[in-house]
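The structure appears right after this line, and notes come after that.
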Amino acid sequence: MTKKYLITSALTYINGVPHIGHLAGAMLNADFYARFLRAKGEDVLFVGGTDVHGTKIEVGAAQEGLSLKDYITKYHEEHRKVYEGFELSFDAFGNTDSEQNKEMTWRIYEGLNKNGYISEKITKQAYCEDDKQFLADSQVGGTCPYCGYEKAKGDQCENCTKLLEPEELKNPYSTISGSHNIIFKDTKNLYIDMDKMQSHLESWVESKKGLWPDIAYTTAKKWLKEGLQARGITRDLKNGFSVPREGYEDKVFYVWFDAPIGYIGITKEWADKDPVNRHWEDWWQDPENVVHTEFMGKDNIPFHSIFFPGMLYGSGENWTQVSFLKGTSWLNFAGGKISKSEHRGVFLDDALAEFPADYWRYWILANSPESDDAVFSFENFTATINKDLNDVLGNFINRVTKMTVKDFGTNVPALGEITEAEKELYATLDTLIKQYTDHMEALEIRKALADLREIWVSGNNYIAKTEPWKAVKTDKARAGTILNTGLNLIRLFALLSSPVMPAKAQEILALFGKNKQVVWPEEKAEVLLQALKEGDSFVAPELLFQKITPERKEELKVKYKEGV
RNA sequence: CGCGGGGUAGAGCAGUCCGGUAGCUUGCCAGGCUCAUAACCUGGAGGUCGUGAGGUUCAAAUCCCACCCCCGCAACCA
C-alpha cells in the first residue's frame, strides 16, 4: 500500500486580519509542499481553516453588534477568500465550530476521562458583577502593588514587568466595562493531567531528534525539561463547545483544546460531504500508512509537539500522530511591528491589490524564516522580483520565444544533432533537479528556491554559450535545435516552478496548448527536453512579469510605513 | 533573573552536528555578447567568521570557557 500524505496548516484565529507573516509561517509552506506531492502523483489531503472560539471572538462580536454565529461566518469567509486569492489549495477548509468538531472534541475528552487523564480543580477567578461573567487574567486591570502603575493587567504589570496574580491588584476593574464591581469567586474547571504523560512524550519527542527541524525539537525539549503540568481545558465562557459533564453547564471547552482537534473535525466535515468515497479514518486513524506533516509558526510548536500529541495519546485511540513538524520563525516587517490600525505592514488583502499572488509567493518562499526570523522590506522585495522573476526567468522566456518567432514562426523548430552544449545542459539539469527535489522533500525551502533559481540560470547560460542569433546566419538547422531546446526549457521551468507560482506556471504551460497538467519531471533531462516536438505550435507571450519601478518602490515604502 | 534562537564581505543568507585553504545571492568594478524586460554570460575587488593576542589541537567559523549585543518565549496568550 502506498503512503498517503496528510498536510495540516495551523488554523488562523479570525480575530485578526491576516498579514504576510501568517502566510510565511504556515499556510504557504504547506501549500508549496502539497502541490509538490500532488504533482508527484501522491495521495494528498491538505487541511486548513480558521479558529473561531475564545474570548476575543466573543468580545469582537459584541463590539460589532453581531451574533456570535454571524461574526464567525463573516470573518471566516473573509479569511477564506483571501487565502483563495493566494492560491492556497486546501482540500478541506473549515472552522473549529462545526458539529463534526464538537463530536471529535467530545470523543477525545471522553477517552481522556476514561483513561484517567482528566481531573477537577477549584481555583479563584475574577468575576465582574456588572459584566456578569468571569474575567481572564489579562481582562482584569488595577494598580500594581509593586510600582503603583494604575493600568497593570492581571497577568503582568507592563510598567515594571513583574508577573502578577489578578488577586494582587489593588482597586481591580474589568477592562471590558470598566466596572470596579469585581469579586473573586471559586470556580471549578477540568484539567488534563499532562504530567502523567511526561515520560511517554519524552521518549516520543526523543525519537524525532534529527528528523524535525531544530527549532521544533528544541522547543519541545524545553517544555519537557521544565516538567509538564496539568492544564485547564474548560473555562467560564460562552464561545466554545459545551462540556458533557454534570456541573459544567455554564462552561465551555477552552479554545486551545478544541483548536487542534479542528484538523480532525474539518477532515470529517469534508468527508461527510461525500461519505461513499471519503473516510476521515483513512487519514486520522492509520498511522502506519499516513505521513502527517504539520506546518506552523514557532508560537504553535508547544501545542503541536506536546499538548495535541498528548491529547491524542491519552484518549487511547490509534491516532495518526505528526510525522514531521515544520515550525518556522517569524516574518517581520522592516518598518516595525505590523499593525492594522496604524496601517503599517502588509496585510493580505492589500498585498493582492498591489501585486499578483505569485510575486508574494516567490519572495516569501525564497526568504522563508526557517531557522531565524526574517524581515520583509519593499527594498528587498523589489530587488528580488526584478532580478529573479524578470531578469532571469521572464527574460529567458521572452528572448527564446521572440527569437523563435522571428526566425521560425510559431511552430517548434526541429531538434537536430545533439552537441556537447546540449549534453552539458542535460547533465547540469539532472544534477540541479535532483537537488531541488531532495530539498523539497526535506522541506528545506530556502535551499529549494535557490536551486530553482539556479535551474533558470542554466537556461540563460545555455543560450549564451550556443548563441543562436549567430547560428541562424550560418546554420539554420543548428539554431532550430537550440531554440527547440530553449522552448522545451521554458515548459520544464514552468513545471518545476508550479509549486511556487501555480498561476504563472499555468500561464506558461498554456503557451504550448492543451496539456497544462502538472506532472513532476522525474525522467532524465534529455527526455524531458523532448516533450515538445517539431511542428508543435505555441503562442509568443507578452511580458509575463513586470518590473517594479524605483518610483513605485518608494511609493510602497511610504504607503506601508517601511522604515518609519 | 530563567529558557530558546541569532551575531560570517555594504545588504540577505549557507557552512558549525562529523574541526583541515571561508561559500552563495544581491550590490560594486571590469570584460564579453547584442537574441531579449538597459537584460544575459564571464572574471575581479570586498570578510580580524560578536568579543577575549582565552582553552584544547599540528590545525577552530566549526569543540570547551567567560563576556557583550539583537530577537523571541515564559503555560487562563490563541
Side-chain angles (χ1 to χ4, degrees), chain A residues 10-16 51-57 96 123 125-126 134-140 154-156 161 163 166 187 189 194 209-210 214-215 218-219 221-223 225-237 254-256 259-260 297-303 306-307 329-330 332 366-367 369-375 377 379-380 383-384 386-407 444 446-447 449-450 453-454 457 459-465 467-472 479 482-483 486 542-547:
Chain A
L11 307 180
T12 47
Y13 202 55
I14 59 164
N15 193 49
D51 181 6
V52 301
H53 285 154
T55 321
K56 285 185 184 169
I57 308 294
T96 54
T123 53
Q125 194 168 0
F134 283 99
L135 302 175
D137 286 3
S138 60
Q139 290 177 315
V140 185
D155 49 355
Q156 184 172 23
T161 73
L163 296 177
T187 177
N189 276 299
M194 297 301 302
K209 188 176 185 177
D214 283 352
I215 188 172
T218 55
T219 304
K221 287 295 272 188
K222 176 197 154 198
W223 281 70
K225 196 175 148 198
E226 289 174 6
L228 299 177
Q229 291 175 23
R231 193 181 162 92
I233 61 167
T234 60
R235 268 190 105 177
D236 297 277
L237 281 177
Y254 184 36
V255 51
W256 77 263
K298 62 183 175 185
D299 56 330
N300 260 318
I301 291 172
F303 290 91
I306 303 286
F307 297 112
S329 291
W330 303 130
N332 296 316
N367 294 279
E370 287 180 294
S371 56
D372 194 12
D373 290 355
V375 177
S377 69
E379 202 66 56
N380 190 303
T384 305
N386 287 352
K387 187 70 193 174
D388 294 359
L389 297 188
N390 285 278
D391 296 348
V392 177
L393 177 62
N395 180 49
F396 175 77
I397 295 169
N398 195 40
R399 69 198 295 208
V400 169
T401 51
K402 283 247 172 78
M403 234 185 303
T404 309
V405 169
K406 193 172 118 229
D407 297 322
E444 298 249 28
R446 288 177 94 122
K447 288 180 183 172
L449 272 275
R453 197 197 116 96
E454 216 177 321
V457 168
N460 279 317
N461 226 320
Y462 170 72
I463 295 296
K465 268 185 203 144
E467 302 182 308
W469 55 88
K470 280 187 186 165
V472 77
I482 297 164
L483 293 171
E542 295 300 306
L543 293 184
L544 286 164
F545 298 95
Q546 300 291 331
K547 285 202 187 190

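Below, read A as the first sequence line, B as the second, and so on, with proteins coming before strands; counting in each chain starts at 1.
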Considering only atom P, compute the distance from B:G19 to B:U57 and round it to an integer number of Å. 16 Å
Sidechain-backbone polar pair: A:Y13 side chain, A:H53 backbone, donor-acceptor under 3.5 Å: yes
Among A:N395, A:N398, A:L393, find the residue that satisfies the side-chain contact (heavy atoms from CB on, under 4.5 Å) test when tested with A:F545. A:L393
Residue whose nearest RNA chain B nucleotide is more 5′ - A:Y254 or A:V392: A:V392
Among the nucleotides B:G72, B:C35, B:U37, whichever has the atom closest to the side chain of A:K406 is B:C35
Between A:K447 and B:G15, is there a side-chain N or O to OP1/OP2 distance below 4.0 Å? yes
Please state the P separation for the pair B:G50 and B:G15 - nearest whole angstrom. 15 Å
Protein-nucleotide distance (A:Q546, atom CD; B:U37, atom P), rounded to Å: 12 Å
If we only count heavy atoms from C-beta on, is the A:I482 to A:I463 side-chain gap below 4.5 Å? yes
Please report the distance separating the C1' of B:A9 from the corresponding atom of B:C28, rounded so that it comes out in whole Å. 12 Å
Scan A:G459 against the nucleic acid and name what it touches under 4.0 Å (heavy atoms): base, sugar-phosphate only, or nothing. nothing
When the P atoms of B:U42 and B:G4 are compared, how many Å lie between them, rounded to an integer? 45 Å
For B:U42, does either OP1 or OP2 sit under 4.0 Å from a side-chain N or O belonging to A:N461? yes
Stems involving RNA chain B, each a run of at least 3 consecutive Watson-Crick or G-U pairs under 3.5 Å: B:2-7 with B:68-73, B:10-13 with B:23-26, B:28-32 with B:40-44, B:50-52 with B:65-67
Is there a donor-acceptor pair closer than 3.5 Å between any side-chain N or O of A:E370 and the backbone N or O of A:R446? yes
Go nucleotide by nucleotide along RNA chain B from the 5' end; which of A:N367 and A:D391 gets its closest nucleotide reached first? A:N367
Value in whole Å for how far the P atom of B:U26 lies from NZ of A:K547: 13 Å
To the nearest angstrom, how far is A:Q229 atom CD from B:A75 atom P? 10 Å
side-chain hydrogen bond (donor to acceptor under 3.5 Å, both in side chains) against A:R399, all qualifying residues, sequence neighbours excluded: A:N460
Specify the separation, in whole Å, of atom CD1 of A:I301 and atom C1' of B:A74. 15 Å
To the nearest Å, how far apart are A:Y462 OH and B:C41 C1'? 15 Å
Given B:U26, is OP1 or OP2 found less than 4.0 Å from the side-chain N or O atoms of A:R453? yes
Starting at CG of A:N395 and ending at P of B:C40, how long is that distance when rounded to a whole Å? 6 Å
Tell me whether the side-chain N/O atoms of A:K387 come closer than 4.0 Å to OP1 or OP2 in B:C40. yes
Test item: A:W256 side-chain N/O and A:G232 main-chain N/O as donor-acceptor pair under 3.5 Å: yes
Any donor-acceptor N/O pair, A:T187 side chain to A:Q125 backbone, under 3.5 Å: no
Considering only side-chain heavy atoms of A:W223, which listed nucleotide, B:C77, B:A75, B:U37, is closest? B:A75
Using atom CG of A:D388 as one end and atom C1' of B:C13 as the other, report the distance to the nearest whole Å. 14 Å
Nearest-angstrom distance, C1' atom, B:C35 to B:U26: 25 Å
Of the nucleotides B:G12, B:G72, B:C35, which one has an atom closest to the side chain of A:R446? B:G12
Go through A:I306 and A:M194 one step at a time and tell me if the side chain to side chain contact (heavy atoms under 4.5 Å, CB included) criterion holds. CA-CA 9 Å; A:I306 303 286; A:M194 297 301 302; 4.1 Å; yes
Using the P atom as the reference point in each nucleotide, state the distance between B:C17 and B:U25 in Å, no decimals. 24 Å
Report yes if some heavy atom in the side chain of A:L544 is under 4.5 Å from a heavy atom in the side chain of A:I397; otherwise report no. yes
Measure the distance from CG on A:L389 to C1' on B:U26 and round it to the nearest whole Å. 14 Å
Same-atom distance (C1') from B:C49 to B:U21, integer angstrom: 15 Å
Is there a side-chain contact between A:N390 and the phosphate of B:U37, meaning an N or O under 4.0 Å from OP1 or OP2? no
Rounded to whole angstrom, note down the C1' distance from B:G5 over to B:C58. 35 Å
